[in-house]
S.K.: 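I have a structure I would like to understand better, so I am pasting it below and will then ask my questions one at a time.
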Number of protein chains: 2
Amino acid sequence: MSGREKVSKSKRGRPRSIEPQEVAVVALQLFEQEGYEGVTMEQIAEKASVSRRTLFRLFPSKVDLLWGGAEEILDVVKERVKALPSGKMTLKEFVYDLLMPALGRLDEPWLASLARRRLRLIMASPALLDHAALHEMRLFLADLIRSRVSPQKAPPELLAGSIASVAFAAILWWAQLDESPMSVQEAFISAFSSLAEVSSLAQEADVSA
Amino acid sequence: MSGREKVSKSKRGRPRSIEPQEVAVVALQLFEQEGYEGVTMEQIAEKASVSRRTLFRLFPSKVDLLWGGAEEILDVVKERVKALPSGKMTLKEFVYDLLMPALGRLDEPWLASLARRRLRLIMASPALLDHAALHEMRLFLADLIRSRVSPQKAPPELLAGSIASVAFAAILWWAQLDESPMSVQEAFISAFSSLAEVSSLAQEADVSA
DNA sequence: TACACTTTTGACACTTGGTGCCAAAAATAT
DNA sequence: ATATTTTTGGCACCAAGTGTCAAAAGTGTA
């Protein structure tokens, strides 16, 4: 669904003429200059010195050029899950032990700047905002909550959707910042903290439209 | 951005050959039969007895055929805002007096069924999940919070993004239901309620990756 | 009725994202 | 050398979306 596909095991066959990662960087620069919609795949291909067809093989769709780094976040969660003791955990543990470390990845200096540049472009084009990567994330989290988190009031799918959405909202907000003021993790906590004020009323809610 | 554009004031000129709403219904039926991607705009145009060009004039993009009903939700918020006393409100009031009534619109019987059908198709195609309508919603809510809600710990943009996201997650989850079990509003409250458990820990959070 | 005006319609050509297919290129293994 | 493997790129094609423009189909006025 995004750059760097399966790495060929055997040393045989014609080698890559270019690393997908480099192509994504070329595209990013072009997008920043001319805007996402102002750049055609043909232009990217030309600047990256590959054919249009090859470009589409490296990045099945144009949006993948910007969303390519998204699985790295999900990968962190998956790694942590592997190293998890069997049995159920609380929702708190789920958020703090699995989700927070994944968000922390964005705060790593070498990635933060690149991620911000990508996310700013994504925010500028509503068509880019959602993506298969996010969808996959929701499904994965829902599975995880269903199987590994002790039962909650709300159903797993709803929880996964909510939490993932808040996380993404935090990421988007963070991306607008210039450098330091707040980390992704702090933004995430801050969002939750403010939501607590609202949810504290949930019990006594009268749903009279 | 979606069906039914500006209604022509003067009675002059050639009348519409078809109501956009009817076209959207035709499209919805086709999508349900063949899947969103399995139906071309040409097929929709033919079945609706308009030209392809006219179809694109009524619905600037294919996704608008499904997202067309979205502004109705936002309209409710806008109406309520107009009738609002001057001065600031709390975040609770913001959620319960402005957002909840808007969500309640989806629970109206005549719309619920149609909305579910649309949303199920939207969920089935990741490419459809986000849309300009959602983006607009986030921006609008951020503006609203900034101007009309008393200051919170988290910045307005982050709050707007989080709350809108949770609302949308609740809507998506609700759409999967068959008929009655829970209303959109109840799902929204339920999501918040479960998030409260997590956010209660926010104060003592140690952000050690 | 005739004419002006207004608005919608549909036809055509064009750009762009995306895909299927296949032969050529470029490497390795025997 | 030759077979095998893998990437490349050219070509044709489909579908979404846009600009342009003349024709169609109504209303208002003389």
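Here is how names work: the chains are called A, B, and so on, in the same order as the sequence lines, proteins then strands, and each is numbered from 1.
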S.K.: What is the separation between atom CD1 on B:Ile44 and atom P on D:dG17, rounded to the nearest whole Å?
M.R.: 10 Å
S.K.: Indicate yes or no: does A:Glu32 engage A:Arg120 in a salt bridge with an N to O separation below 4.0 Å.
M.R.: no
S.K.: Does the side-chain hydrogen bond (donor to acceptor under 3.5 Å, both in side chains) test come out yes or no for B:Ser165 and B:Ser162, once each step is laid out?
M.R.: CA-CA 5 Å; B:Ser165 296; B:Ser162 302; over 6 Å; no
S.K.: Could you tell me how far apart B:Leu55 (CG) and C:dA11 (C1') are, to the nearest whole angstrom?
M.R.: 15 Å
S.K.: When you check the gap from the basic side-chain N to the acidic O, do B:Asp107 and B:Arg116 get nearer than 4.0 Å?
M.R.: no
S.K.: Do any side-chain nitrogens or oxygens of A:Lys62 fall under 4.0 Å of OP1 or OP2 in C:dG17?
M.R.: yes
S.K.: In whole Å, I'd like the distance from the CD atom of A:Gln43 to the P atom of C:dG17.
M.R.: 9 Å
S.K.: Nearest whole Å is fine: how far is D:dG9 P from A:Met41 CE?
M.R.: 14 Å
S.K.: Could you tell me how far apart B:Phe59 (CZ) and C:dT8 (C1') are, to the nearest whole angstrom?
M.R.: 16 Å
S.K.: Quick one: B:Arg14 CZ to D:dA25 C1', roughly how many Å, whole number?
M.R.: 5 Å
S.K.: Looking at D:dG9, I'd like to know if its phosphate oxygens (OP1 or OP2) sit under 4.0 Å from a side-chain N or O belonging to A:Thr54.
M.R.: yes
S.K.: Taking CG from A:Leu58 and P from D:dT6, how many angstroms apart are they, rounded to a whole number?
M.R.: 16 Å
S.K.: Just how far, in rounded Å, is P of D:dA15 from CZ of B:Arg52?
M.R.: 10 Å
S.K.: Rounded at 0.5 Å granularity, tell me how far CD in B:Glu186 sits from CE in B:Met100.
M.R.: 8.5 Å
S.K.: Where the side chain of A:Val50 is defined as all heavy atoms beyond and including C-beta, which of D:dA16, C:dG17, D:dG9 is the nearest nucleotide?
M.R.: D:dG9
S.K.: Report the residue (A:Pro15 or B:Ile18) whose heavy-atom-nearest nucleotide on DNA chain C is the more 5′ of the two.
M.R.: B:Ile18
S.K.: With salt bridge (Lys or Arg N to Asp or Glu O under 4.0 Å) as the criterion, how do B:Arg146 and B:Glu157 come out once you've worked through the C-alpha distance, each side chain's angles and the decisive distance to 0.1 Å?
M.R.: CA-CA 8 Å; B:Arg146 193 181 307 106; B:Glu157 294 79 9; 2.7 Å; yes
S.K.: Would you say the base of C:dG18 and the side-chain of A:Arg57 have a donor-acceptor pair closer than 3.5 Å?
M.R.: no
S.K.: Mapping B:Val39 and B:Gly13 onto DNA chain D by nearest heavy atom, which one lands closer to the 5' end?
M.R.: B:Val39
S.K.: Is A:Ser17 near enough to D:dT8 that one of its side-chain N or O atoms lies under 4.0 angstrom from OP1 or OP2?
M.R.: yes
S.K.: For the side chain of B:Phe56, counting heavy atoms from C-beta on, which of D:dG9, D:dT5, D:dG17 is nearest?
M.R.: D:dG17
S.K.: Closest to the B:Arg53 side chain: D:dT8, C:dG10, C:dT16?
M.R.: C:dG10
S.K.: Confirm from the modelled atom types if B:Arg16 and D:dG26 form a donor-acceptor pair under 3.5 Å, side chain to base only.
M.R.: no
